[in-house]
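Below: one structure, written as C-alpha cells.
Just so we're clear, the structure is a prediction, and the values are computed from it rather than from any experiment. Here is how names work: the chains are called A, B, and so on, in the same order as the sequence lines, proteins then strands, and each is numbered from 1.
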Amino acid sequence: MPGRCGRDCKPHPSRRSENPLRAGSPVNKEPRNPRYGHRAQRNRLRSLGGTATTSRPKREVFVSFAGGIMEPITLEMLRHSASHVMAASVMKLFPGAKLAIGPAIDTGFYYDFDLPRNLTNEDLAKITELMRDEIKVRHKFERREISRNEALEIFADQPYKLELINELPEGETISLYQHDGFVDLCRGPHVPHTGYIKANALQLLSIAGAYWRGDEKRPMLQRIYGTLWNNKEELEAYLQHLEEIERRDHRRLGRELDLFSLHEDAGPGLVYWHPKGARIRSIVEDFWRKQHYAGGYDLVYTPHIGRSTLWETSGHLVTYRDGMYSPMDIDGQDYYIKPMNCPFHILIYQTQTRSYRDLPLRWAELGTVYRYERSGVLHGLLRVRGFTQDDAHIVCTPEQIEDEVLAVLRFSLRMWQSLGFTKIKPYLSTRPEKSLGEQAQWDQAIASLRTALEAEGLEYEVDEGGGAFYGPKIDLKVMDALGREWQMTTIQFDFNEPERFDMSYVGADGKNHRPYMVHRALLGSLERFFGVLIEHYAGAFPLWLSPVQAKIIPIADRHHDYAQQIARALAAAELRAEVDASGERMNAKIRTAQLNKIPYMLVIGDREADTRSVSVRLRSGEDLGAMVLDDFIARATSLVAQRNNTEL
RNA sequence: GCCGACGUAGCUCAAUCGGUAGAGCGGCGGUUUUGUAAACCGCUGGUUGCGGGUUCAAGUCCCUUCGUCGGCUCCA
C-alpha cells in the first residue's frame, strides 16, 4: 500500500534498465523491494526477539518504537527522517506548500511538494541551510497515534494527505510524526531527534518533476532529491561514484572516442555508427553469428516494412499502434516500418507444412526495428527509436520446450560471460491478470522456465504477475563494472501470435498441432548493448574488441619506414594497428593514444629498428620494454584468440 | 507526452546594466627530429539551434518551435 511517506522504495535515479525487446530505457524500474519496507523490517526484528542486539554491530543505537518494540537506527530511518527535516524546511520557505510523499530511497530520500512557484538551485541552498539549522537544534521526533477523524482535521489543508488518509483501510493505525512544529502523516519509524542526521553526510541533489502518485493524469509536483549517508566519508564516496558514472557516460565517451553520433536535425533517437564504433559492432556481430550457428540456430533476413494486413494479423496495430511509425502509402496500400521481427519469421515458417520432425526451429536475425518513443524518454544509445534487435524465435513442440528453454538460457549466459559480464541475475515473470492463453499452457511454460533456472543452479527472483499478456518470461539483468544492473536478455513465451497466425505443425499422429513459440533477445538491442559495453569498460575495450589495437609511434621521421613495415606485419597477423605519422613529439603521440584508450602503444626508434623489435607500452601506463616483433604478435594474437577480456 | 533547466566555433566554456562575440583544445601551415601522458610560432574557425516579436540596438528580454539534459510517465 503505497503513499504514506517513507513507504515507497523507489529506484535510484541513476539506475538504468529496460526491456530489451524494446529500445533501451535509462531508468530501471526496480521491483519494489520489500526488504526496505518498514513493516518487513519490523517483522524481522520481532522475530529476532529480545536477543537481537548480540548479533549486531556495537555502534548501532536502538530507539524505542510504538508498543515497546526496539528498532536499530538504520540508514533508511535516517534518510526518512531527513526527508521530514527537508519538508519542514520547505514549509518554512513556503508556508502554504502542499505535501505529498517523502520516502527514503536506495541512496537517500526525496519529498514531493505542490508549491506556488518553481524551485531553483538557490532554493536548494536555502533549504539545505534550514536543514542544517534543524539538525543542529536536535529537535525531537514525536510519534502520535490518532483517530481517523483527528487525522482528517489535522490535515484539512493538505489535500494529498487527505487522499492518503481516506485510502487507509479501516482499522489501520494512523500515526503522525512531529518535530519542530512540523507534522507529517507517517508510519515511521524515525530517529529520536534531528541531531542523528549528520549535516556533512547530507546533500540535496536535484529538483525534478513527478506526477502525484506516478499518474500522468494527476498534478505534476516538484520533487527534491537528496542523498544522505552515515558520515562524510560515505557521502564523498557516493559523490565520487556519481562522478565515475559521469566519466563513463557512453554519450561522452562515444564522442571522445569517435564511436557514434546522434543527429538532432536528422531525427532524434537514430544512431550513426562511426567507423570505430562500427568496427566493434562488426566484431560483436561476427562473434554472435558464429555462436548462433554453433548453438544450433539458423540465421534469417527479413524486410524492414510490411503491409498493414500483416500487422493486423499479428495484433500490433491493435495493441501497439501508438508505438509504431506512421504508415507510408505504397500503391494505395499502407505499409508500416517494423517494430518487431516476429511476424516476418512466422511468415517464413508458414511457407511449408511443418512436421514435428522439423522442430525445433531456431531462427535468429539482427533485425533493425523502429518504434516511436516519446520525446522525453530518449537517452543516448540506451533509449532510441531505431535499433537492431538480436532477435531469435524458437518454435517447438510442447515436449521439447523444457530442453529448449534450458538451452537458450545456457546460451545466453555463455554469451554474456564471453563479453566480460560475469554477474547475471535472472528474473522470472509469471502470469498477469489480463492475459490470454490457456492455464495449462502457462503452467507448462512457467514450469519449464523454472526448471531451466534451477538446472543452472541460478538464484532468481520471481515477479508474480509480471509477465506479458501473451506469455511468461525470464529476464536477465547483467551487472556492470560499477555494480549497476541492466536488464538485457529476455526469453518470452508467446501464446498470442501462434494463435493469430494459426501456426501449426503435423504431429506423429498426423494431426495439426499448435507449436510453442519463444521470443528471445539476448543482447537486447545492439545500440543499447553498445552503450552498456562502453560504460562497463569505460571505453577501454578488451583487446579483441578494440577498434584500434595498437598505435605505432615512431620517435622521429626517419623511423616512418620501419613503422610502416610493422603496420604491415601486424595487419598480416590480423591485428588492427595504425601509425601515428603526425609531426608531434613522441610524448604527445603517447598521450593521444592513451586518451584514445588504445591497448598497445608500440614505440619505435633506432634501437627497435636495428633489432626488429617494438617497445610496448600498455594503456595502463605500464612499460613492458622492448619486445621482438614476432613475440609481440604472438602475445597479442593469442589474447585475441582467447577473447581475453582482462589482459593485454 | 508532462515538469524544470539548458542550447554561443568540431569539443569544453567566456561575453558586466541589452551596446554588435572571445579563450583553450582541435584542425591547417611552418620551425623542431624528439625515448614513454601535451615542443614553439602562426593561421583557421560562429547569421549565438530554427522562426517571430520588443528595442535606436538582442547571445542577453518576450513568444513559438526543434533539440539536449535531469526527473516523472510509458516501454510489445
Side-chain angles (χ1 to χ4, degrees), chain A residues 10 13-14 17-27 29 110 112 117-121 205-225 249 251-252 255-256 258 261-269 314-316 318-324 339-343 369 371-380 383 389 468-471 473 487 490 492 494 496-497 519 521 553-560 582-595 601-608 615-619 621-626:
Chain A
K10 289 282 176 168
S14 73
S17 172
E18 137 85 6
N19 179 342
L21 274 182
R22 313 220 60 262
S25 154
V27 181
K29 299 299 176 293
Y110 67 78
D112 288 347
R117 67 163 173 84
N118 289 324
L119 291 167
T120 63
N121 284 330
L205 295 176
S206 60
I207 304 156
Y211 297 114
W212 166 234
R213 313 205 84 171
D215 183 341
E216 60 182 319
K217 291 186 191 70
R218 313 211 53 189
M220 177 64 72
L221 306 171
Q222 297 192 69
R223 173 173 298 178
I224 304 177
Y225 279 105
D249 191 310
R251 293 167 296 185
R252 173 200 188 121
R255 186 175 55 241
E256 287 173 0
D258 193 19
S261 57
L262 297 147
H263 298 263
E264 43 187 81
D265 299 337
S314 70
H316 286 94
V318 190
T319 322
Y320 306 116
R321 180 174 223 131
D322 290 348
M324 292 171 69
M340 287 184 84
N341 300 300
C342 33
V369 299
R371 296 175 182 177
Y372 175 76
E373 299 282 356
R374 292 159 125 195
S375 59
V377 305
L378 299 175
H379 181 95
R383 186 85 178 251
Q389 288 185 324
F469 74 88
Y470 51 77
K473 60 174 181 174
Q487 188 186 311
T490 190
Q492 309 187 340
D494 185 349
N496 181 45
E497 283 183 303
H519 302 260
I553 298 176
I555 290 174
D557 289 352
R558 64 175 180 280
H559 306 121
H560 282 188
S582 68
E584 295 292 337
R585 297 173 58 197
M586 180 202 67
N587 282 303
K589 292 176 182 176
I590 285 175
R591 180 165 188 272
T592 305
Q594 189 91 42
L595 291 175
M601 282 153 263
L602 307 179
V603 177
I604 55 165
D606 294 332
R607 296 203 294 264
E608 289 77 14
S615 278
V616 183
R617 180 196 161 101
L618 307 182
R619 65 184 163 201
E622 190 184 349
D623 187 353
L624 299 186

In whole Å, what is the span from the CG atom of A:Leu595 to the C1' atom of B:U12? 14 Å
Does A:Tyr211 reach the side chain of A:Glu216, with side-chain heavy atoms less than 4.5 Å apart? yes
Quick note, A:Gln594 side chain, CB onward, closest among B:G1, B:A37, B:C2 is B:A37
For nucleotides B:G22 and B:U65, find the distance between their C1' atoms and express it as a whole number of Å. 29 Å
Nearest-neighbour nucleotide for the A:Arg591 side chain, B:C74, B:A38, B:C3 considered: B:A38
Which part of the nucleic acid, if any, lies within contact of A:Ala468, taking any heavy atom under 4.0 Å across all strands shown: a base, the sugar-phosphate backbone alone, or nothing? nothing
What nucleotide, of B:G1, B:A37, B:G70, holds the atom closest to the side chain of A:His379? B:G70
Can you tell me how far apart CG (A:Asp623) and CG (A:Leu618) are? Round to the nearest 0.5 Å. 8.5 Å
For each nucleotide in nucleotides 24-36 of chain B, reading 5' to 3', give B when a protein heavy atom comes within less than 4.0 Å of its base, S when such contact involves only the sugar-phosphate, and - otherwise. ---------BBBB
Please report the C-alpha distance between A:Glu373 and A:Leu378 in whole Å, then the side-chain angles of each, then the deciding distance to 0.1 Å, and finally whether the side chain to side chain contact (heavy atoms under 4.5 Å, CB included) criterion is met. CA-CA 7 Å; A:Glu373 299 282 356; A:Leu378 299 175; 3.9 Å; yes
Taking CD1 from A:Ile224 and C1' from B:G4, how many angstroms apart are they, rounded to a whole number? 13 Å
Ignoring the backbone of A:Asn118, work out which of B:A37, B:G4, B:A76 is nearest its side chain. B:G4
Rounded to the nearest 0.5 Å, what's the gap from OG on A:Ser582 to CD1 on A:Ile553? Could you check? 9.0 Å
Test item: A:Arg371 side-chain N/O and A:Pro339 main-chain N/O as donor-acceptor pair under 3.5 Å: yes
For a quick check, tell me whether the side chain of A:Tyr110 and the base of B:G71 share a donor-acceptor pair closer than 3.5 Å. no
Interatomic distance at C1', B:G24 relative to B:G67, whole Å: 27 Å
Looking only at atom P, what distance separates B:U60 and B:U16, rounded to whole Å? 12 Å
side-chain N/O A:Arg213 vs B:U73 OP1/OP2, d < 4.0 Å: no
Side chain proximity check, A:Ile207 to A:Asn121, heavy atoms < 4.5 angstrom: yes
Using whole Å, report how far CG of A:Asp322 lies from P of B:A76. 13 Å
Do any side-chain nitrogens or oxygens of A:Tyr211 fall under 4.0 Å of OP1 or OP2 in B:G1? no
Could you check how far CG of A:Leu205 sits from P of B:C72, rounded to whole Å? 13 Å
Dot-bracket encoding of pairs in RNA chain B, which uses [ ] for pseudoknotted crossings and | for another strand, Watson-Crick or G-U under 3.5 angstrom: (((((((..((((.....[..))))((((((.......))))))....(.(((..]....))).))))))))....
Between atom NE2 of A:His379 and atom CZ of A:Arg251, what is the distance when rounded to the nearest 0.5 Å? 3.5 Å
Roughly how far, to the nearest 0.5 Å, is the CZ atom of A:Arg591 from the CZ atom of A:Arg585? 13.5 Å
So A:His519 and A:Asn341, do their side chains get closer than 4.5 Å, heavy atoms only? no
Looking at B:G1, I'd like to know if its phosphate oxygens (OP1 or OP2) sit under 4.0 Å from a side-chain N or O belonging to A:Ser375. yes
Please examine the side chains of A:Gln222 and A:Asn118, heavy atoms only from C-beta on, and report whether any two atoms are closer than 4.5 Å. yes
Between C1' on B:C72 and CG on A:Leu378, what's the gap in Å once rounded to a whole number? 15 Å
Under-3.5 Å N/O pairs linking protein and nucleotides 41-52 of chain B:
none

What's the CD-P distance between A:Glu373 and B:C72, to the nearest Å? 16 Å
Between A:Met324 and A:Ala208, which is nearer to the 5' end of RNA chain B once each is assigned its nearest nucleotide? A:Ala208
I'd like the C1' distance from B:U34 over to B:A21, given in whole Å. 39 Å
From A:Met601 CE over to A:Leu624 CG, what is the distance, rounded to the nearest 0.5 angstrom? 10.5 Å
Options B:U73, B:G70, B:C2, nucleotide nearest the side-chain atoms of A:Val377: B:U73
Report the C-alpha distance between A:Thr592 and A:Glu584 in whole Å, list the side-chain angles of each, state the deciding distance to 0.1 Å, and finish with yes or no for side chain to side chain contact (heavy atoms under 4.5 Å, CB included). CA-CA 10 Å; A:Thr592 305; A:Glu584 295 292 337; over 6 Å; no
Could you measure between the two C1' atoms, the one in B:A23 and the one in B:A9, and give it in whole Å? 11 Å
Grab the N/O contacts between the protein and nucleotides 8-10 of chain B below 3.5 Å, and write none if there aren't any.
none

On a whole-Å scale, what distance lies between the C1' atoms belonging to B:G51 and B:A58? 15 Å
Rounded to the nearest 0.5 Å, what separates atom NZ in A:Lys473 from atom OG1 in A:Thr490? 5.0 Å
Between B:A5 (C1') and A:Arg223 (CZ): distance, integer Å: 17 Å
Using the P atom in both, what is the distance from B:C17 to B:C74, to the nearest Å? 44 Å
If we take the C1' atom in both B:G29 and B:U68, what is their distance in whole Å? 36 Å
For a quick check of understanding: with a heavy-atom distance under 4.0 Å over all strands, which category does A:Ile553 fall into, base, sugar-phosphate or nothing? nothing
Is any side-chain heavy atom of A:Val616 less than 4.5 Å from a side-chain heavy atom of A:Glu622? no
ring-ring contact (aromatic ring centres under 6.0 Å, His included) partners of A:Tyr320, counting only residues at least two apart: A:His316
Expressed as a whole number of angstroms, how long is the span from A:Arg218:CZ to B:C3:P? 17 Å
Report the residues that fulfil side-chain contact (heavy atoms from CB on, under 4.5 Å) with A:Arg321, sequence neighbours left out, ordered by chain and then residue number. A:Leu317, A:Tyr336
